[in-house]
Amino acid sequence: MLDIRRLRLLHELRIRGTVAGVAAALSYSPSSVSQQLAALEREAGAVLLVKSGRRLQFTPQGELLAQRAAAILDALDAAEAAVAGSGATVAGVVRVAVFQSAAHAILPAAVASLARDYPELRVEVTEREPEQGLFDVSARDFDLAVAEQYPGSTRPLRADLDRTDLAADGIHLATAADRGARVRADSLAGAAGLPWVLEPEGTVSRTWAVQLCRAAGFEPDVRFETADLVTHIRLVASGNAVGLLPDLVWAGARPEVALLPLPGAPRRTIFTSARRSSASSPGVVAARRALAGAVPAEHAPHGHGAPHGHGAS
């Protein structure tokens, strides 16, 4: 009989890549992970992993068992969701990964709604960049991710995740409201040569922003790099930089900067993703309903409704 806990370690190694990564994610020591994987090989009666430099490489038998382990874990997810859904009370824990601007605008009202309607449901929220949040849901670190998609951009498809559009969010060029500010622009083209504040390299928002500037004929002079959009606002408002800000960052408050239109009036899509195997869990369903109810009417997506049939992207 194969041990389900050891099968999960094999699955974790397949998605995280290293024993150290598995150990950190599950709060084990690397030596303990290695010992458990060796025990799984003895249970399976086959060599599952071989050393390749400093890393472990899956044998064909190891790859096959890791794939079956993922299916087993999905089946356990579905069983837990079915049992939880058979009760009259929504209880337990739902873990949500959310990125910053969605946290500002949507999260407080959603959490208040959940506390009122489902007092026995514990909601745990952690800030994660969208790409990391989606990975963490796939890896079972979270139950639900709130993520974003920029116009024309894609990310790797995760067939194990679903997707439900949550909000549509306009993006504007942000510049100082004071016309006498040291750094100020009247249009995107007029921002060429000015200091910019953008999110860190490697993020989808940064890649999209740079492509937008290049389409306008210039390379942005990025002087300030931070994922904290409150810092973006402060730098722009003080006349030290220009930037791109989504409308949801204001969370209904009056903007502190001047917001100028961008070519094509771009809008990003905010969406939620859950593992397909656990999307019917009462906690996930309740969290999605509360998040959707917290979206301002002007940001509601077209055709908002059931989860899409394809993987999160």
Just so I know, are the side chains of L7 and R68 near enough to count as touching, which here means a heavy-atom distance under 4.5 Å?
no
Does the pair R206 and E199 meet the rule for a salt bridge (Lys or Arg N to Asp or Glu O under 4.0 Å), with working shown?
CA-CA 5 Å; R206 170 67 170 267; E199 295 194 46; over 6 Å; no
Decide side-chain contact (heavy atoms from CB on, under 4.5 Å) for V183 and L194; before the verdict, give the C-alpha distance in whole Å, the side-chain angles of both, and the deciding distance to 0.1 Å.
CA-CA 7 Å; V183 176; L194 295 179; 4.3 Å; yes
Heavy atoms of L121 and A91 approach each other most closely as CD1-O, 3.6 Å
Just wondering, do K51 and Q57 contact through their side chains at under 4.5 Å, heavy atoms?
no
Between CD of Q132 and CZ of F142, what distance do you get to the nearest 0.5 Å?
9.0 Å
Taking side chain as C-beta onward, heavy atoms only, is Y118 less than 4.5 Å from T89?
no
Cluster check F99, V111: I/L/V/M/F/W/Y, side chain < 4.5 angstrom:
yes
If I take atom CG from residue L2 and atom CD1 from residue I72, how far apart are they, to the nearest 0.5 angstrom?
7.5 Å
Pairs flagged by salt bridge (Lys or Arg N to Asp or Glu O under 4.0 Å) wherever residues 228-239 is involved - sequence neighbours left out:
R234-E256
Shortest non-hydrogen contact from L188 toward L173:
N-CD2, 3.7 Å
Looking only at heavy atoms, the pair that brings A44 and L65 closest together is CB-CD2, 4.3 Å
Verify, without hydrogens or angle tests, whether S34 (side chain) and P30 (backbone) share a donor-acceptor contact under 3.5 angstrom.
yes
Short side-chain to backbone donor-acceptor contact, S32 and S29, under 3.5 Å:
no
When V98, D141, D136 are each screened for side chain to side chain contact (heavy atoms under 4.5 Å, CB included) with R128, the one that passes is D136
A side-chain contact here means heavy atoms from C-beta on lying under 4.5 Å apart; do V90 and E120 qualify?
no
Among the clusters formed by ILVMFWY side chains lying less than 4.5 Å apart, do V295 and L144 turn up in the same one?
yes
Can you give me the closest heavy-atom contact between R275 and S138, atom names plus distance?
CD-O, 4.2 Å
Does L76 belong to the same Ile/Leu/Val/Met/Phe/Trp/Tyr cluster as V94, with side-chain heavy atoms less than 4.5 Å apart forming each link?
no
Counting N and O atoms only, with roles assigned by atom type, does the side chain of T175 sit under 3.5 Å from a partner on the main chain of A185, one being a donor and the other an acceptor?
yes
Using modelled atom types only, decide if a donor and an acceptor are shared between the side chain of S273 and the backbone of D162 within a distance under 3.5 Å.
yes
Go through the side-chain N and O atoms of T269 and D165 and say whether any donor and acceptor fall under 3.5 Å apart.
no
If you apply the rule side chain to side chain donor-acceptor pair (under 3.5 Å), what do you find for R8 with Q36, and how did you get there?
CA-CA 10 Å; R8 184 183 179 189; Q36 293 300 312; over 6 Å; no
N/O donor-acceptor pair under 3.5 Å between T18 side chain and G21 backbone:
yes
Taking the side chain as every heavy atom from C-beta outward, state whether R289 and V285 have any pair of such atoms under 4.5 Å apart.
yes
Heavy-atom donor-acceptor pair, D169 side chain to P246 backbone, under 3.5 Å
no
Are L245 and I233 packed together at the side-chain level, in the sense that at least one heavy-atom pair is separated by less than 4.5 angstrom?
yes
Measure the CZ-CG distance between F224 and L235 for me, rounded to the nearest 0.5 Å.
5.5 Å
Is there a donor-acceptor pair closer than 3.5 Å between any side-chain N or O of E41 and the backbone N or O of L49?
yes
Using the rule that Ile, Leu, Val, Met, Phe, Trp and Tyr join whenever any side-chain heavy atoms are under 4.5 Å apart, tell me whether V236 and V249 fall into a single cluster.
yes
Specify the closest pair of heavy atoms between A191 and V242, including all atoms of both residues, with the distance to one decimal.
CB-CG2, 4.1 Å
Can you tell me how far CG of L13 sits from CD1 of I15, rounded to the nearest 0.5 angstrom?
9.5 Å
Check: H232 side chain, T226 main-chain N or O, donor-acceptor pair, under 3.5 Å:
yes
Between CG on residue D3 and CD on residue E43, distance to nearest 0.5 Å:
5.5 Å
Where A227 and P200 come nearest, the two heavy atoms and their spacing
N-CD, 3.7 Å
Under the 3.5 angstrom rule, does the side chain of H299 hit a backbone N or O of A168 as a donor-acceptor pair?
yes
What's the separation between atom CD in Q100 and atom CD in E148, rounded to the nearest 0.5 Å?
11.0 Å
Can you tell whether the side chains of R140 and D77 come within less than 4.0 Å, N to carboxylate O?
yes
For W208, which residues count as a ring pair (Phe, Tyr, Trp, His ring centres under 6.0 Å) partner, sequence neighbours excluded?
Y150
Contact between L212 and L244 at the side-chain level, heavy atoms closer than 4.5 Å - yes or no?
yes
Any carboxylate oxygen within less than 4.0 angstrom of a Lys/Arg side-chain nitrogen, looking at R122 and E124?
yes
If we count only N and O atoms by modelled type, under 3.5 Å, do the side chains of R268 and S101 hold a donor and an acceptor together?
yes
Please answer: with hydrophobic residues joined when any side-chain heavy atoms are less than 4.5 Å apart, are V137 and V204 in the same cluster?
no
side-chain contact (heavy atoms from CB on, under 4.5 Å) evaluation trace for T207 with Q211
CA-CA 6 Å; T207 300; Q211 290 174 344; 3.7 Å; yes
Report yes if some heavy atom in the side chain of V197 is under 4.5 Å from a heavy atom in the side chain of R223; otherwise report no.
no
Is there a donor-acceptor pair under 3.5 Å between the side chain of T59 and the backbone N or O of V47?
yes
